[in-house]
Amino acid sequence: MTKVKICGITREIEISIMNELMPDYVGFVFDTRNRHFISPERAGKLRAKLNKNIRSVGVFSNTSLENVALAVEVAGLNMVQIHGDETGEYVAALREYIHCPIMKVIKVSHPIDAEKAMYATADYVMLDGGSAGSGKSFDWSLLGSVRRKYFLSGGLTPENINTALHLSPKPFAFNVSSGVESNNIKDYRKVMKFILAVRDFNQGKKR
């Protein structure tokens, strides 16, 4: 079953939307350069209101091991997502600090970038285009060489999710943030349309 991650949660109203529509994952962004930035303390308060069946993911970029570990504890995270210049050595060291899965974001602009996903030592990989959080898609035909489960991110919307669902190899999960927003806030109808498209696909229904 293909899964859905809604990233960039910052408000209680968005938590309410998540609790009703039930994506598999939600993301809290701890990168101060990102417009979806949230503090670990605020994320922890929102996480406490989130349905326990939805897994929470913390998004970091070139963050110290100690600060990642602190955010995991304070916010009650189920997974860590790193999208900076972190190396395999960083991932290995981070495992000494936290006891939850680690996902590494790989920026794809060339076939060799997709091949890097095969050698990433993180538990999961997310394939994205351009700078993380840019909301821009990339040439999905570059994914043909990927032979491991991956999250697909970058430029996804309710309008193009049906195309993305037919990619080969099929993504393990889709990550969307600005593509389901209106006026920089998660839009109930857009989130619902996105999630329903994935669920219908999983059940073999045509839309």
Side-chain angles (χ1 to χ4, degrees), residues 1-9 14-29 36 43 46-47 49-60 72 75-83 98 100-108 114 117-118 120 122-129 132-133 135 137-138 140 142-144 146-181 186-207:
M1 293 293 186
T2 305
K3 303 182 183 301
V4 174
K5 174 174 173 279
I6 308 294
C7 200
I9 301 299
E14 295 176 330
I15 291 291
S16 297
I17 293 172
M18 299 304 111
N19 286 341
E20 181 171 346
L21 299 178
M22 292 296 292
D24 302 281
Y25 305 88
V26 301
F28 298 109
V29 180
H36 293 107
L46 294 180
R47 176 68 180 88
K49 299 177 183 295
L50 185 69
N51 187 297
K52 297 299 186 291
N53 292 316
I54 303 175
R55 299 181 67 79
S56 57
V57 183
V59 183
F60 303 87
V72 169
L77 303 175
N78 303 120
M79 184 186 293
V80 163
Q81 174 183 323
I82 51 178
H83 66 86
I98 63 174
C100 62
I102 300 169
M103 176 159 54
K104 172 62 178 171
V105 178
I106 298 175
K107 300 169 187 176
V108 180
M118 299 299 297
D123 302 288
Y124 296 89
V125 293
M126 177 182 289
L127 305 183
D128 197 356
S137 61
F138 60 98
W140 292 337
L142 298 174
L143 302 177
V146 178
R147 293 295 179 268
R148 67 179 289 180
K149 292 180 179 180
Y150 69 97
F151 284 64
L152 179 64
S153 184
L156 290 168
T157 67
E159 288 67 43
N160 66 14
I161 184 59
N162 283 299
T163 298
L165 281 163
H166 290 85
L167 288 173
S168 181
K170 184 176 71 174
F172 169 75
F174 294 102
N175 177 76
V176 63
S177 182
S178 59
V180 290
E181 291 181 350
K186 298 296 181 285
D187 183 305
Y188 179 92
R189 292 181 180 275
K190 290 182 179 181
V191 175
M192 180 176 65
K193 186 176 180 180
F194 191 95
I195 291 177
L196 285 179
V198 176
R199 289 180 180 163
D200 284 351
F201 179 84
N202 286 337
Q203 296 171 8
K205 297 179 181 179
K206 295 183 179 180
R207 292 181 67 84

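- Closest of all the heavy-atom pairs between V125 and K149 is CG2-O, 3.7 Å.
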Only distances under 3.5 Å count here; give the side-chain donor-acceptor pairs of residues 163-176 to other protein atoms, sequence neighbours excluded, each with its distance to 0.1 Å.
unit_1, atom_1, unit_2, atom_2, d
H166, ND1, N162, O, 2.8
N175, OD1, K5, NZ, 2.6
N175, ND2, S153, OG, 2.9

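- Aromatic ring centres of Y124 and Y150: separated by at least 6.0 Å.
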Next item on the list: May I have the step-by-step check of side chain to side chain contact (heavy atoms under 4.5 Å, CB included) for M18 and V26, ending in yes or no?
Entry: CA-CA 8 Å; M18 299 304 111; V26 301; 3.8 Å; yes

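- When side chains are defined from C-beta on, R47 counts as touching K52, because their heavy atoms get closer than 4.5 Å.
- In terms of modelled atom types and a separation under 3.5 Å, the side chain of N160 and the main chain of T157 share a donor-acceptor contact.
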Margin query: For a side chain to side chain contact (heavy atoms under 4.5 Å, CB included) check, start with the C-alpha distance between V180 and D187, then their side-chain angles and the critical distance, and finish with the verdict.
Written below: CA-CA 6 Å; V180 290; D187 183 305; 5.9 Å; no

Check: Run the side chain to side chain contact (heavy atoms under 4.5 Å, CB included) check on V80 and F60 step by step: do they pass?
Finding: CA-CA 8 Å; V80 163; F60 303 87; 3.8 Å; yes

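- Proximity of a side-chain donor or acceptor of N19 to a complementary backbone N or O of N51 within less than 3.5 Å is detected.
- You'll find the side chain of L152 reaches within 4.5 Å of the side chain of L143, heavy atoms only.
- Of all the heavy atoms in N78 and C100, the pair that sits closest is O-CB, 3.3 Å.
- Contact record, S177 with C7: OG-O, 3.0 Å, taken as the closest heavy-atom pair.
- No donor-acceptor pair closer than 3.5 Å links the side chain of K193 to the backbone N or O of E159.
- Of all the heavy atoms in P101 and D123, the pair that sits closest is CA-OD2, 3.4 Å.
- A donor-acceptor contact shorter than 3.5 Å links the side chain of N202 to the backbone of T2.
- Shown here is K190, whose NZ atom has more than 12 heavy atoms of other residues, nucleotides or ligands within 6.0 Å.
- When all heavy atoms of G58 and L77 are compared, the pair lying nearest together is CA-CD1, 3.6 Å.
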Checklist line | R199/M22 under side chain to side chain contact (heavy atoms under 4.5 Å, CB included): CA gap, chis, key distance, verdict | finding: CA-CA 11 Å; R199 289 180 180 163; M22 292 296 292; 3.7 Å; yes

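- R148 places a side-chain N or O within 3.5 Å of a backbone atom of A120 that can act as its donor or acceptor partner.
- Looking at heavy atoms from C-beta onward, Y25 lies out of side-chain contact with I6 at the 4.5 angstrom threshold.
- Shown here for L127 and A117, the closest heavy-atom pair between the two residues is CD2-CB, 4.0 Å.
- Put simply, the side chain of N53 never gets that close to the backbone of D24: no donor and acceptor are under 3.5 Å apart.
- At a threshold of 4.5 Å between non-hydrogen side-chain atoms, the residues Q81 and M126 count as touching.
- In this structure, E14 contributes its side chain and K186 its backbone to a donor-acceptor pair below 3.5 Å.
- A donor-acceptor pair under 3.5 Å is formed between the side chain of S56 and the backbone N or O of G76.
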